[in-house]
Amino acid sequence: MMQGSTAGPDVPAYGSAADLRAMADAVPALLSFFDADLICRYANAYHRQWYGRPPEEMVGLHMREFLGERGYVSRGPFLRRVLAGEEVSFDATVPHADGTWRDAAIRYRPRHGPQGLLGFHVLVFDTAVHQHRFHSLFDGKGIAFLELDLSRLAGTLEQLRAEGVERLAATIASDPGFVRRFVGLTHLADLNEKAASLFGLDREAAIGTVFGALCPPAAEPVLAANLLAYVGGERGFEEETVMLRADGQPLEVRLTSAFPQQGERQDRVFLGVIDIGARVRQDRRLAQLETDLAHAARVATLGELTASIAHEVNQPLAAVTANGDAALRWLRRPVPDLDEVEAAIRRVIEEGRRASEIIARTRALATKGTTKRALFDPNGMIEDAAALVRRQVASLGAELRLDLAPALPPVLADRVQLQQVVINLVVNAAQAMLQGPEGPRLVVVASGERAGTVVVEVSDTGPGIGEEAVPRLFEAFYTTKASGMGMGLSVSRTIVESHGGWIRAGGAPMGGAVFSFGIPVPEPARASGGPDGGGA
Ligand code: ADP
């Protein structure tokens with residue numbers, strides 16, 4: 001559109017007094033100039049809209065006549081500052097021709113001449129529209145809003161920003177009390193009625209109280225991520241977590257934070273809080289149904305498998321018994337027929353071999369055929385497995401944490417099968433903690449590399465494993481659970497060993513059990529040092 005419209009001889013250089021006046025009149029805000037005696041010397045056309053009077057009439061008036069006594073008195077401190085030569089910005093209300101007082105953002109900018117201060121420019125920008133939008137949202141009944149006051153952390157925030165996000169992440173990781181102290185110094189600047197009723201608070205009484213009182217320890221990872229996003233200069237942050245009602249009941253919520261932008265108060269953060277309790281409960285019920293179903297399916301398959309094994313093995317067993325009987329009969333004869341005895345025993349051995357072949361075939365069937373090996377990042381596999389079981393773990397009242405070593409070399413394995421191993425170990429850990437001692441129920445999945453082997457460790461804070469149980473854990477059908485199958489660990493061991501790895505159980509430093517398994521890293525990956533370590 002603009003192409004070709006280069007300034008020709010008939011377009012005057014923009015900048016004459018008339019041009020500038022036309023421009024000032026086009027601005028949808030109050031623009032004016034007052035001299036050092038506070039007499040208006042210029043007012044743009046927008047004054048007609050605001051004050052209902054032509055701007056020419058306003059020129060020559062004292063500021064007191066513009067604003068009325070009340071407005072004028074409230075401007076005192078700002079006028080003193082601009083008259084001292086300082087540029088001043090502030091928010092205030094301004095009388096409007098419609099009889100209301102409007103919220104406005106105001107700026108006074110001093111203008112100096114050779115003899116000193118000539119006066120000052122005034123810009124008054126109507127913020128009522130924005131304020132109105134904001135308030136109708138904030139005061140609405142739909143979403144709970146909290147306005148957080150971080151003013152007591154102003155110095156800390158400045159320092160954190162200067163040091164950068166990575167440093168903050170390291171601090172949070174090494175100082176477990178950091179987030180707690182942070183929310184302990186954050187206060188509620190305001191909250192709407194919806195938030196008050198959601199948290200069971202009295203709105204008036206809650207203003208000025210500590211935000212940390214609404215944050216249980218389980219919310220700390222999300223609060224830490226929130227803080228990292230803020231310090232990292234993001235515009236906002238969104239995540240699901242648990243908060244605390246005033247009566248101590250947990251509250252499942254989706255948090256949406258809006259961080260201050262440039263030019264806004266840096267010590268205020270807005271938090272939208274949506275109650276997702278009903279949805280989470282429904283999800284849990286579904287997850288429970290899913291696991292019940294999966295369990296039922298497993299029982300069914302195992303039942304079928306058992307029936308067919310029994311059927312196939314029954315024939316050779318019957319033959320073994322029959323031939324054993326026959327051998328005895330030949331032996332008990334007055335003159336034992338040793339040739340017949342030998343023939344019967346040979347058949348016994350043959351049938352026995354047949355039975356064990358059937359077992360071997362069934363076992364191979366359970367592990368072979370479906371394996372698909374590929375190179376993949378073990379951490380990604382663990383994260384996927386964790387995503388699959390997180391809900392089930394939560395519904396057992398436990399928390400799942402990952403502690404993954406960065407840049408692990410890829411392994412060559414069947415990803416789905418190893419995922420199954422991780423899931424088995426995590427679910428076992430969460431189930432074990434149902435009987436465990438009081439206190440935090442925590443499952444930690446850690447990864448690392450030791451001597452050319454990727455090692456995955458699943459530790460818990462449950463009751464641990466009795467010494468007598470250790471040698472039997474990985475046997476098929478060993479279980480201490482009422483509805484257990486005792487197949488999980490045995491299948492896990494089969495999977496890991498078919499990958500040339502190992503699996504073992506022991507006591508965890510946290511007091512519960514720790515199960516670890518190792519999968520050897522293929523040679524070339526070992527040399528390159530990691531999934532991204534292309535190089536040599
Ligand atoms: P199931 O879960 O059906 O019992 P598994 O083979 O997965 O079968 O587990 C066998 C047994 O090992 C469990 O019944 C339990 O006694 C024990 N076990 C497994 N994991 C743990 C753990 N994290 N803490 C304590 N005991 C465990």
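Counting starts at 1 for both ligands and their atoms, following the listed order.
- Both tests hold for Arg415 against Phe376: distance to the six-membered ring centre under 6.0 Å, angle to the ring axis within 45°.
- At a threshold of 4.5 Å between non-hydrogen side-chain atoms, the residues Ile519 and Thr453 do not count as touching.
- Of the N or O atoms in Thr480, one or more lie within a sub-3.5 Å distance of an N or O in ligand 1.
- Of the polar atoms of Ser490, none of the N or O atoms is found under 3.5 Å from an N or O of ligand 1, judged by distance alone.
- Near Ala513, the atoms of ligand 1 lying under 4.0 angstrom from a non-hydrogen atom of the residue are 22 (C), 23 (N), 24 (N).
- The closest side-chain heavy-atom distance from Val273 to Phe199 is below 4.5 Å.
- The ligand atoms of ligand 1 that sit less than 4.0 angstrom from a heavy atom of Leu489 are 5 (P), 6 (O), 7 (O), 9 (O), 10 (C), 12 (O), 19 (C).
- Here is the list of ligand 1 atoms found below 4.0 Å of a heavy atom in Gly464: 25 (C).
- At least one N or O atom of Asp460, backbone or side chain, sits closer than 3.5 Å to an N or O atom of ligand 1.
- Within the 4.5 Å cutoff, no side-chain heavy atoms of Leu412 are placed close to those of Val521.
- Nearest-residue assignment for atom 1 (P) of ligand 1 (options Gly488, Ala482, Gly486; heavy-atom criterion): Gly486.
- Close approach of ligand 1 to Leu473 (heavy-atom distance below 4.0 Å) involves ligand atoms 12 (O), 17 (C).
- The atoms of ligand 1 that sit less than 4.0 Å from any heavy atom of Phe515 are 19 (C), 20 (N), 21 (C), 22 (C), 23 (N).
- Salt bridge status for Arg353 with Glu351: absent, with no side-chain N to carboxylate O gap under 4.0 Å.
- Taking every non-hydrogen atom of Ala429 and a distance limit under 4.0 Å, the qualifying atoms of ligand 1 come out as 23 (N).
- Taking distance alone, with nitrogen or oxygen atoms compared against 3.5 Å, Pro463 stays at or beyond that limit from ligand 1.
- Judged by the 6.0 Å and 45° rule, Arg161 forms a cation-pi pair with Tyr230.
- Comment: Asp275 does not engage Arg254 in a salt bridge, judged by the lack of any side-chain N to carboxylate O separation of less than 4.0 angstrom.
- Geometric assessment of Arg332 against the ring of Trp330 yields a negative cation-pi assignment under the 6.0 Å and 45° thresholds.
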